[in-house]
Amino acid sequence: MRILVTGGAGFIGSHLAERYLERGDEVHVLDDLSTGSIENIRHLKGEKGFQYTIDTVHNQSVVAELVDWCDCVVHLAAAVGVKLIVQSPVRTIETNVHGTEVVLQQANKKKRKVLVASTSEVYGLSTQVPFREDGPLVMGAPTKGRWSYACSKAIDEFLALAYWREKRLPVVIVRLFNTVGPRQTGQYGMVIPTFVRQALAGRSLTVYGDGSQTRCFGYVGDVVGALVGLMDEERAVGEVFNIGSKEEVTIREVAERVKELTKSDSEIVFVPYEEAYESGFEDMPRRVPDISKVSRLVGFRPSLSLDDILQKVIDFQSGRQTPD
Ligand code: UDP
């Protein structure tokens, strides 16, 4: 198969490109390096079947040409990271809405299957935990910058499903929950690479709020396995899937685990949300996926515990291991 991976120089995209190449597929990465990095794909350069183009998904003619070349598209290019989203809302909305529009339009001309990466953010302030794909999406007020990300991704989902229903463009939508592993940078605020970097440098670990908010951290290797499985599965077309881990943990516990595993003397400090992000910032108190749908269809089962994942990130950041 020939697969176009938009955002393929990003954290998840580079792991996905690697997985497809390993099984003998051809991969073309399209990435504008806004949050991705050449470093993430350096080891793939020169590999048989690998090509890349540095450009944006807004560039219609480039997308058209690559769509023409490929059999299917995995659309991961997006503005990511809560910090970035709060700081650059225009870029977030334009990248996520217009970029997806271009990809779907071009894919539709050739009827290439498209996987659209959405996010657990779309559940917003919903309290129906664990979140099910058919449950409500509860957005906060538009005056709170964070929700622009959820809204822009929800529009992507509606648009992709509209293409399927109205034009029979085969689409698959995935809602990615917190995904971690080697190559993720803490640059855009993500908590685990940030805590590991802080602990290894002997700096304080910055827990935002009181640290009682929970998340479930999925390993990137498991997540890309689910993406590949869903792309191969005819019955996934026109459907939405949660992908993530079910191991729920408070952010305070994450800080404690990182401290212990790195044997660091760093302090854990609590930073008010308004200082960390912006005044009036709303966090999600709990975020837990119901993963029964993807498990049933493609046998998805998270393989690593939080400690295993943390250890991989620690090894990566201390230069002890190449990412797998
Ligand atoms: N967080 C934190 N310290 C940090 C970065 C993030 O306490 O240095 C918190 C953040 O407020 C959120 C959780 O960790 O409650 C996960 O944040 P992340 O940005 O990784 O992902 P999110 O779940 O917000 O998309």
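Start at 1 and go down the list; that is how both ligands and their atoms are numbered. In what follows, residues are counted from 1 in the order of the sequence shown. Basis for what follows: all heavy atoms, side chains included, without hydrogens, waters or symmetry-related copies.
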Check whether more than 12 heavy atoms from other residues, nucleotides or ligands sit under 6.0 Å from atom [atom1] of [X], and answer yes or no.
X      : atom1 : value
Glu267 : CD    : no
Phe270 : CZ    : yes
Arg203 : CZ    : yes
Lys246 : NZ    : no

State the atoms of ligand 1, each with its element, that fall below the 4.0 Å cut-off from a heavy-atom position in [X].
X      : value
Val82  : 24 (O), 25 (O)
Met190 : 19 (O), 20 (O)
Arg215 : 12 (C), 15 (O), 16 (C), 22 (P), 23 (O), 24 (O)
Arg146 : 24 (O)
Val207 : 7 (O)
Thr194 : 8 (O)

His98 and His58 aromatic ring geometry - parallel, tilted or perpendicular at 30°/60° bounds: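 Ring orientation of His58 relative to His98: parallel.
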
Can you tell me how the ring of Phe131 sits relative to the ring of Tyr123, calling it parallel under 30°, perpendicular over 60° and tilted otherwise? parallel

For ligand 1, is Phe195 a contact, meaning one of its heavy atoms is under 4.0 Å away?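 It does, in that a heavy atom of Phe195 comes within the 4.0 Å cut-off of ligand 1.
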
Measuring from non-hydrogen atoms of Arg287 to any atom of ligand 1, is the shortest distance under 4.0 Å?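 Distance cut 4.0 Å: Arg287 passes for ligand 1.
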
side-chain hydrogen bond (donor to acceptor under 3.5 Å, both in side chains) with Asn108: which of Lys111, Gln105, Gln106, Lys110?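 When Lys111, Gln105, Gln106, Lys110 are each tested with Asn108, the side-chain hydrogen bond (donor to acceptor under 3.5 Å, both in side chains) holds only for Lys111.
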
What's the verdict on side-chain contact (heavy atoms from CB on, under 4.5 Å) for Val254 and Phe217, showing C-alpha distance, side-chain angles and the deciding distance? CA-CA 10 Å; Val254 174; Phe217 294 94; 3.8 Å; yes

To the nearest 0.1 Å, how far is [atom] from its closest protein heavy atom, and which atom is that?
atom                    : answer
atom 8 (O) of ligand 1  : Thr206 OG1, 3.2 Å
atom 18 (P) of ligand 1 : Val191 N, 3.9 Å
atom 5 (C) of ligand 1  : Gly189 O, 3.1 Å
atom 9 (C) of ligand 1  : Gln213 NE2, 3.9 Å
atom 7 (O) of ligand 1  : Tyr208 N, 2.7 Å
atom 13 (C) of ligand 1 : Ile251 CD1, 3.6 Å
atom 21 (O) of ligand 1 : Asn178 ND2, 3.2 Å

Quick check: does Tyr273 get an N/O under 3.5 Å from an N/O on ligand 1? no

Can an N or O of Asp283 be found at a distance shorter than 3.5 Å from an N or O of ligand 1?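 Yes, there is a polar N/O contact under 3.5 Å.
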
Would you find a donor on one side and an acceptor on the other, under 3.5 Å apart, between the side chain of [X] and the backbone of [Y]?
X      : Y      : answer
Ser14  : Phe11  : yes
Gln311 : Leu261 : no
Asn96  : Lys153 : no

Is there a side-chain contact between Lys109 and Val67, using heavy atoms and a 4.5 Å cut-off?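 No; the side chains remain at least 4.5 Å from each other.
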
Heavy atom under 4.0 Å from ligand 1: found in [X]'s side chain, backbone, both, or neither?
X      : answer
Tyr277 : side chain
Arg197 : neither
Val271 : neither
Lys83  : neither

What residue among Val196, Ile309, Ile192 forms side-chain contact (heavy atoms from CB on, under 4.5 Å) with Ile314? Val196

